[in-house]
Structures are given as C-alpha cells and as structure tokens.
Enquirer: 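Okay, handing you the structure first.
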Protein chains: 2
Amino acid sequence: MDKGKDVTIYDLAEKLNISVATVSRALKDDPVVSKKTKKKIFELAEEMGYRSNNFARNLRTQRTNTIGAILPRLNSYFMSTVIAGIEHVANSQGYNLIISQSSESGEKEQQCARTMFNNRVDGLLVSLAYDTDTIRHFDSFLKKDIPVLFFDRCAEHDQITSVLIDNRKAAYEATKHLIAQGCRRIVHITAHTSRNVYTERLAGYRQALEENQLPFDGSLIIRNNLSQEAGYEAAKDILAMPRLPDGVFVANDNCAVSCMLALKKQGVSIPADMAFVGFNNDPVSMVIEPNLTTINYPGYEMGEVAARYLISHLMGGAPMTATNTVLLRSELIIRDSSLRNP
Amino acid sequence: MDKGKDVTIYDLAEKLNISVATVSRALKDDPVVSKKTKKKIFELAEEMGYRSNNFARNLRTQRTNTIGAILPRLNSYFMSTVIAGIEHVANSQGYNLIISQSSESGEKEQQCARTMFNNRVDGLLVSLAYDTDTIRHFDSFLKKDIPVLFFDRCAEHDQITSVLIDNRKAAYEATKHLIAQGCRRIVHITAHTSRNVYTERLAGYRQALEENQLPFDGSLIIRNNLSQEAGYEAAKDILAMPRLPDGVFVANDNCAVSCMLALKKQGVSIPADMAFVGFNNDPVSMVIEPNLTTINYPGYEMGEVAARYLISHLMGGAPMTATNTVLLRSELIIRDSSLRNP
DNA sequence: TTGTATGCGTTATCAA
DNA sequence: TTGATAACGCATACAA
C-alpha cells in the first residue's frame with residue numbers, strides 16, 4: 001500500500017508476469033481472457049488497490065462517460081427536482097454528471113456550453129435561459145455528433161429532441177377550469193419572455209377564452225419575472241385595475257402564492273372574489289390557504305426521462321433525430337383556491 | 001473546419017513550422033515564449049477551432065480541475081441553494097463540478113465517494129447522509145492528500161475542515177425566544193439520527209430550558225424524518241399528549257409548516273395556543289399563516305464559502321488542516337408564529 | 001527563446 | 001488465449 005503512487009496495469013502485469021494487454025482485457029471482463037488469469041488479475045487488483053485511470057482511458061477511447069447539464073438556475077424547487085432525476089439515472093448508468101447554471105442569462109449559457117464542450121461531455125441536457133434568443137452555441141456539439149437534448153425550456157431545432165409537457169394544453173385546462181367555476185375576467189400572469197413554456201401557456205389561456213366566447217383582453221395580461229416579489233407587485237397591479245378580475249391564472253406557483261398573500265392582506269377573498277390557479281405543483285401550493293389549484297409538473301420524471309433518453313442514445317440505442325419531442329403527462333390538480341361551488 | 005477530427009497542438013505546430021513544445025507553452029501563456037510567436041499561435045488556434053484536450057492534460061499533470069460534491073439530496077430548498085453557491089464559485093474559478101446524491105443512505109454515500117475517487121477529483125465537498133456512521137470511506141482521499149471538506153452535516157475528523165453554523169447556539173436562541181414569549185412546555189421535533197446538526201440543536205434546546213429552570217421532559221421530544229408527512233404525524237402526536245404543549249421548536253421549516261397546518265385544522269390557534277419556531281428560513285416560512293419564526297440559514301453563502309475554501313487550498317493557499325471549523329453567522333428571524341404579545 | 005524526446009495509463013491492432 | 005507495440009494529446013526536463 002504505497003502512499004504516493006498509483007497502481008497501474010503495468011504493476012499488475014509485472015507482478016503476474018503477463019502482459020498489460022491481458023490485464024487490460026481482463027479488467028474489461030473481456031470474454032476472450034481465460035477464467036483463471038482473470039481471477040488472478042482481479043484478486044491482485046483488489047489487493048493492490050488498483051483503480052483505473054479515467055483520463056488515460058478517455059484519452060484513448062475519446063469518450064468521457066460524462067453528461068453535462070445546463071440549467072437556468074439550480075435553486076428552484078422544480079429545477080432541483082429535475083436534477084435529482086437526472087442524477088439518479090446518470091449515476092445508475094455509470095455516467096458522471098457535470099452541472100452548471102446559466103442564471104437565466106443567454107450569455108452565461110454560451111459560456112457554460114463552451115465549458116461543457118471543452119470538457120468533452122458525451123451528451124448535453126439543456127433547459128434554456130430566459131433571454132436566450134439563439135441556440136447557435138450548440139452547433140459545435142451537433143457538428144461533432146454530440147447529442148443535445150432540451151427539456152422544459154426548449155427551442156425548435158431539427159437535430160435536438162425536446163422533453164416537455166404540453167404547456168398549451170395544461171394552460172388550456174387550467175383556464176377552462178376557471179371558466180367552469182364562473183370566472184369571466186381572468187388575469188394571466190406570465191413571464192416577460194418568448195420562451196416556449198410561456199408563450200404556450202398564454203396560447204392555451206387564449207384558446208380556452210375563445211372556446212367559451214370570452215374576449216381576450218390584453219390589459220389582463222401581467223408580465224414579470226414570476227418571482228415572489230413579482231407576485232406582490234402583481235397583486236398591486238390587479239387591485240389597481242378599473243374593474244377587478246374574478247380569476248387569476250399564474251404561470252408559476254411561487255408567484256401565485258405571494259400574489260395571493262398580498263391580495264388576502266387587502267381583503268380579497270379567495271376563491272370567492274378571485275379564483276386562483278398556479279403552475280408546477282410546488283410544495284408551497286399545499287401550504288398557502290386556501291390550497292392552490294395547480295398543474296402537476298413531474299420534474300423528477302422529466303429529469304429521468306431526459307437523462308435516460310440521452311444515455312440510451314449514447315449507448316447505441318435509438319437515434320435522437322428520429323423523435324423530435326417527448327411529451328410528459330401533466331394534470332390539473334384542483335384544490336380550494338379555485339373551487340367556488342364545493 | 002474539419003468535421004470529425006479534433007485540432008491538436010501538433011496541427012498548429014505543423015502549420016506554423018514550429019515545435020509542439022512552443023505551442024504548448026504559448027497556449028499556457030508561458031512568459032518564456034516571445035510575443036510574436038504567441039500571437040501567431042493564438043490566432044491560428046482561434047482560426048482552426050482548437051480546443052485543449054483535458055484528458056491528455058490531466059493524464060500528464062495528474063490533476064483534473066474538478067471538484068466533487070456529495071449531498072444527501074438535491075431536491076430540497078436548502079441543498080439546492082448550497083449547490084448554487086458551490087457552482088458559482090467553482091465556475092468562476094475555472095473548476096468543474098461533479099455532483100452526486102447519497103439519498104440519505106450511508107451505503108450510497110460510500111459508492112459516491114468511490115466514484116469520485118475514481119474520477120480523481122482534486123477535492124471533495126460532502127454533506128453527510130442521515131445514517132452515515134463511519135467516515136472511513138474518505139480515508140482513501142486523505143491518504144492521497146486530496147482535501148475533503150464537510151459542510152452542514154459534519155463529523156469530527158482532524159484532517160477534515162467543517163463549514164457550518166453554530167447549531168447549538170441557534171437552537172438555544174430559538175428556544176430562549178419561545179420561553180421569553182411565555183412558553184413553558186416546549187416540544188422539540190427533530191430527526192431520528194445522531195447527525196451533528198440535530199444533536200447540537202437538541203443540546204441548544206436543553207441548554208435554554210436549563211438556564212430558565214424548566215425541566216427537560218423526554219416525552220416532549222418527537223423524532224421523525226422531518227418530512228412534510230412527518231409533520232402531519234407529529235401534529236397527531238402532539239394532540240395526543242395528555243397535556244398540550246404551548247410551544248414547538250422544529251428542526252426544519254418544512255416539517256414545521258405541515259405540522260402547523262395540521263394543528264390549525266384541528267382548531268389549535270397559533271401562536272396563542274402554541275407558538276412555533278422552525279429552522280432554515282425556507283421560502284414556505286413566509287407563506288404559512290401566521291408566518292413562521294425561524295433561523296436564517298445562509299445556504300448560498302455556505303456553498304460559496306465551502307467551495308472557495310477548498311479551491312483556495314487547491315491553488316496552493318492555506319493548508320486545510322490549520323482550521324478545523326468555519327462557523328457561519330445565523331440568526332433568529334422573528335415572525336408572527338411565535339409572537340404572543342405583539 | 002525554441003526544439004527534442006519521453007512519459008502519463010489505457011485501449012486497440014496486429015501477430016503469435 | 002496471450003503478447004508486443006503503437007497511438008491518444010499534452011507537458012516538461014533537458015539540450016541547443
């Protein structure tokens with residue numbers, strides 16, 4: 001048990017008086033090596049505390065066994081849940097995971113991509129930043145046939161598969177539900193961006209209005225960054241409206257919750273005066289009173305699916321280009337914040 | 001712009017009719033290379049889309065420029081905040097971050113450690129799992145002088161520095177506050193483990209009782225896994241007590257919040273009947289009504305400090321063995337859940 | 001200031 | 001079934 005130096009296959013080979021080639025093969029569990037030698041080698045490796053050198057292997061094989069993930073932020077409930085799912089799959093498949101966050105900045109996202117590229121990840125999982133307006137920074141990957149996969153915050157690209165839910169449909173269901181509860185003037189709070197998830201949700205909202213012969217009123221759309229603080233601001237905006245709305249559909253639970261709190265403080269009764277629906281099924285939706293009706297967004301599953309998909313491709317499975325989009329199931333969870341006739 | 005093949009320093013050298021050694025040195029910005037040649041090399045590198053091969057370099061230098069992080073779980077508010085802090089520092093210092101989760105299992109933690117070891121991380125950040133009872137799985141790192149650093153969930157070890165808050169003191173303050181609010185029978189909900197953070201909090205709780213001549217009553221200690229579900233169960237336990245408590249100090253906001261919800265549903269008035277204090281300053285503490293008094297636990301800062309500490313050591317800074325413990329400031333945030341005489 | 005030559009630990013291609 | 005050996009791309013000791 002030497003302290004400083006690492007044990008290599010040369011050490012093993014020398015000690016057993018065989019060639020490094022055989023040792024290498026044995027360690028890979030190559031069936032061509034005889035059981036006997038294999039056993040000898042394994043035992044000695046164990047005894048000498050051998051560990052394979054990944055760099056040398058990577059250098060040789062030109063693969064890293066590492067997948068990269070670029071996320072807009074790490075410290076949100078949804079994203080951390082997704083990461084947990086990704087990590088779980090990656091780890092169980094023997095892949096390493098390297099993670100970085102774009103902090104919702106397109107510029108930072110490009111940096112992250114470059115770093116991932118230089119680290120030669122075998123594949124890349126990405127959820128786009130708020131203000132990413134071009135996805136050319138992934139071209140270098142595609143050019144080298146390194147698969148890239150978007151999840152949640154996606155963009156159209158014919159070489160990149162997207163894993164997401166049907167945001168339009170989910171928003172449609174949410175809005176329809178509010179209408180069914182008697183709402184006629186429904187505010188929609190969404191992000192100030194053209195990121196797919198938000199435009200789709202807006203589209204679903206509009207569709208539900210139209211199908212129910214309700215006019216679309218642009219003054220009922222509030223755009224902000226969907227943070228907690230933004231929720232308080234939104235409440236002010238709502239209270240300042242010449243005619244108060246009777247329903248609010250928010251593209252994010254966090255923002256919905258703080259908005260509800262602010263409105264409640266001003267004497268607004270929920271759901272009687274205003275019914276609320278959020279998005280994500282964040283744990284806070286169960287803490288706010290009344291509990292928030294929301295869209296269940298399976299973050300953990302999304303992480304698992306995305307990672308599994310990427311890895312199975314890396315392991316020589318189905319080509320990615322075949323499928324353009326993988327849609328996960330989501331569902332409306334009805335709670336008290338929107339139930340007017342219980 | 002060849003598609004398949006990577007550009008190497010050999011390509012650059014050949015094209016410029018100089019040696020690879022010079023190219024290598026120039027790319028490292030070695031001052032020994034003349035400005036002129038350096039410029040030529042940089043320009044060509046840019047033009048040909050050269051990117052350095054980290055494996056080759058790592059293989060050569062025996063360093064990876066990567067730090068590993070093992071966390072009990074990724075999908076909790078606190079932990080994801082810590083990760084964000086770690087990632088921020090690592091990234092800005094040019095270090096890669098590889099992450100894995102032990103899922104609160106000591107066994108899985110050992111696996112993670114082994115993987116990190118095989119990936120030859122330059123340093124390791126660890127927050128221990130619930131049921132980790134030995135830390136021998138980090139010996140292999142220490143033997144090779146790979147620095148290991150604990151944060152939040154720590155264990156005593158004379159070669160491992162710990163970054164944490166003064167849990168005992170924080171719990172002491174929390175309990176003292178409840179006593180000052182008139183509480184005399186204070187329940188403490190904590191984890192079913194001997195992990196430092198929980199034993200320390202319990203110790204702080206006891207100390208506050210003793211200093212105020214209140215008897216310690218083991219039947220007032222509720223142990224569970226501090227999850228949301230556990231909070232509901234804890235509420236049942238509390239309501240089943242022969243004599244109801246008048247204060248509750250929970251080692252975790254999430255659990256506190258669900259416990260409060262369950263108690264409220266049963267007609268318990270908070271803080272009048274029972275005052276509540278949580279731990280962590282999780283966002284839900286601001287959503288629950290009344291808002292939860294809690295200990296502010298600076299997760300992001302903790303991540304930053306831990307990462308910075310490790311990296312500065314790696315870059316040849318202060319040796320880690322000098323400092324045993326880095327204590328971060330925490331503070332009691334008083335909100336309505338514990339304020340009896342407003 | 002630049003060049004030569006070697007080793008880092010594996011894997012893969014031959015040949016035996 | 002095994003062995004010898006050439007890459008893989010880079011960094012550095014030594015020489016020039």
Side-chain angles (χ1 to χ4, degrees), chain A residues 2 4-42 44-45 48-66 94 96 117-122 144, chain B residues 2 4-42 44-45 48-66 94 96 117-122 144:
Chain A
D2 198 321
K5 216 63 192 82
D6 259 335
V7 180
T8 74
I9 53 174
Y10 282 99
D11 301 326
L12 299 179
E14 192 180 17
K15 212 136 195 163
L16 292 174
N17 250 321
I18 55 180
S19 78
V20 290
T22 306
V23 175
S24 174
R25 283 192 277 254
L27 292 171
K28 290 241 79 165
D29 211 22
D30 192 322
V32 86
V33 180
S34 80
K35 290 255 180 201
K36 287 220 165 180
T37 25
K38 233 184 229 175
K39 188 161 176 246
K40 276 196 306 185
I41 293 171
F42 276 127
L44 185 64
M48 295 183 67
Y50 167 81
R51 59 171 175 163
S52 80
N53 185 319
N54 285 328
F55 316 146
R57 170 182 301 131
N58 293 341
L59 177 59
R60 189 54 232 252
T61 59
Q62 304 286 28
R63 302 182 76 253
T64 63
N65 244 49
T66 298
N96 283 113
F117 189 66
N118 286 334
N119 277 288
R120 287 171 160 72
V121 293
D122 289 345
K144 288 212 177 297
Chain B
D2 198 321
K5 215 65 193 80
D6 260 335
V7 180
T8 74
I9 53 173
Y10 284 98
D11 301 325
L12 300 179
E14 191 180 17
K15 213 136 195 164
L16 292 175
N17 249 320
I18 55 180
S19 78
V20 289
T22 305
V23 175
S24 173
R25 283 191 277 254
L27 292 171
K28 290 240 80 164
D29 211 23
D30 191 323
V32 85
V33 180
S34 82
K35 291 256 180 199
K36 287 220 166 183
T37 25
K38 232 185 229 174
K39 190 163 176 242
K40 276 196 304 185
I41 293 171
F42 276 126
L44 184 64
M48 296 184 65
Y50 167 81
R51 56 171 178 163
S52 80
N53 184 318
N54 285 329
F55 317 144
R57 172 185 298 131
N58 293 342
L59 178 59
R60 187 54 232 253
T61 61
Q62 306 285 29
R63 301 183 76 254
T64 62
N65 244 49
T66 297
N96 283 113
F117 189 65
N118 287 334
N119 277 287
R120 288 171 158 74
V121 292
D122 289 344
K144 288 212 177 297

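Since the structure is predicted, the reported quantities are computational estimates derived from the model, not experimental observations. In what follows, chains carry the letters A, B, and so on, assigned in the order in which the sequence lines appear, proteins first and then strands, with residues in each chain numbered from 1.
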Enquirer: For A/Val32, report the nucleic acid contact type (base, sugar-phosphate, nothing); a contact means any heavy atom under 4.0 Å.
Expert: base
Enquirer: Using 0.5 Å steps for rounding, measure from the OG1 atom of A/Thr8 to the OH atom of A/Tyr50.
Expert: 7.5 Å
Enquirer: Could you state the interatomic distance from CG (A/Leu12) to CD (A/Glu14), rounded to the nearest 0.5 Å?
Expert: 10.0 Å
Enquirer: Considering heavy-atom distances to DNA chain C, does B/Ala56 or B/Lys35 have its closest nucleotide positioned more toward the 5' end?
Expert: B/Lys35
Enquirer: Produce the list of close N/O pairs, under 3.5 Å, pairing protein atoms with atoms of nucleotides 12-16 of chain D; give distances to one decimal.
Expert:
| from | atom 1 | to | atom 2 | distance (Å) |
| --- | --- | --- | --- | --- |
| D/dT12 | O4' | B/Arg60 | NH2 | 3.4 |

Enquirer: Can you give me the closest heavy-atom contact between B/Asn65 and B/Gly94, atom names plus distance?
Expert: ND2-O, 3.0 Å
Enquirer: Which nucleotide, D/dG9, C/dG3, D/dC10, lies nearest any side-chain atom of A/Leu59?
Expert: D/dG9
Enquirer: So, taking the atom named CZ in A/Arg63 and the one named CZ in A/Arg57, what distance separates them when rounded to the nearest 0.5 Å?
Expert: 11.0 Å
Enquirer: Quick check on side chain to side chain contact (heavy atoms under 4.5 Å, CB included): which of A/Lys40, A/Lys39, A/Lys38 does A/Phe42 satisfy it with?
Expert: A/Lys38
Enquirer: If you draw a 6.0 Å radius around NZ in A/Lys15, do more than 12 non-hydrogen atoms from other residues or ligands fall strictly inside?
Expert: no
Enquirer: When you match B/Val33 and B/Arg120 each to their closest nucleotide on DNA chain C, which lands nearer the 5' end?
Expert: B/Val33
Enquirer: Specify the separation, in whole Å, of atom CG of A/Asn118 and atom P of D/dC10.
Expert: 11 Å
Enquirer: For the side chain of A/Thr37, starting at C-beta, report the closest nucleotide among D/dT2, D/dC10, C/dT2.
Expert: D/dT2
Enquirer: Within this structure, what is the CG-to-C1' distance between A/Asn54 and D/dC8, rounded to whole angstrom?
Expert: 15 Å
Enquirer: Can you tell me how far C1' of D/dG3 sits from CG of A/Leu16, to the nearest Å?
Expert: 15 Å
Enquirer: Mind checking the CG-CG spacing from A/Leu59 to B/Asn58? Nearest 0.5 Å is all I need.
Expert: 10.0 Å
Enquirer: Among the candidates D/dC10, C/dG3, D/dG3, find the nucleotide nearest to the side-chain atoms of B/Ser19.
Expert: C/dG3
Enquirer: Taking CD1 from A/Ile41 and P from D/dT2, how many angstroms apart are they, rounded to a whole number?
Expert: 8 Å
Enquirer: Using a cut-off of less than 4.0 Å, is there contact between a side-chain N or O of B/Gln62 and OP1 or OP2 of D/dA11?
Expert: no
Enquirer: Rounded to whole angstrom units, what separation is found between the CE atom of B/Met48 and the C1' atom of D/dG9?
Expert: 14 Å
Enquirer: Counting any heavy atom closer than 4.0 Å, what does A/Arg51 reach on the DNA or RNA strands: base, sugar-phosphate only, or nothing?
Expert: sugar-phosphate
Enquirer: Measure CZ/A/Arg57 against C1'/D/dA7 and give the value in whole Å, please.
Expert: 17 Å
Enquirer: Without decimals, in angstroms, what is the distance between B/Asn65 CG and D/dA11 P?
Expert: 12 Å
Enquirer: Taking the nucleotide of DNA chain D with the closest heavy atom to each, which residue, A/Tyr10 or A/Pro31, is nearer the 5' end?
Expert: A/Pro31
Enquirer: How many whole angstroms separate atom CG of A/Asn53 from atom C1' of D/dC8?
Expert: 13 Å
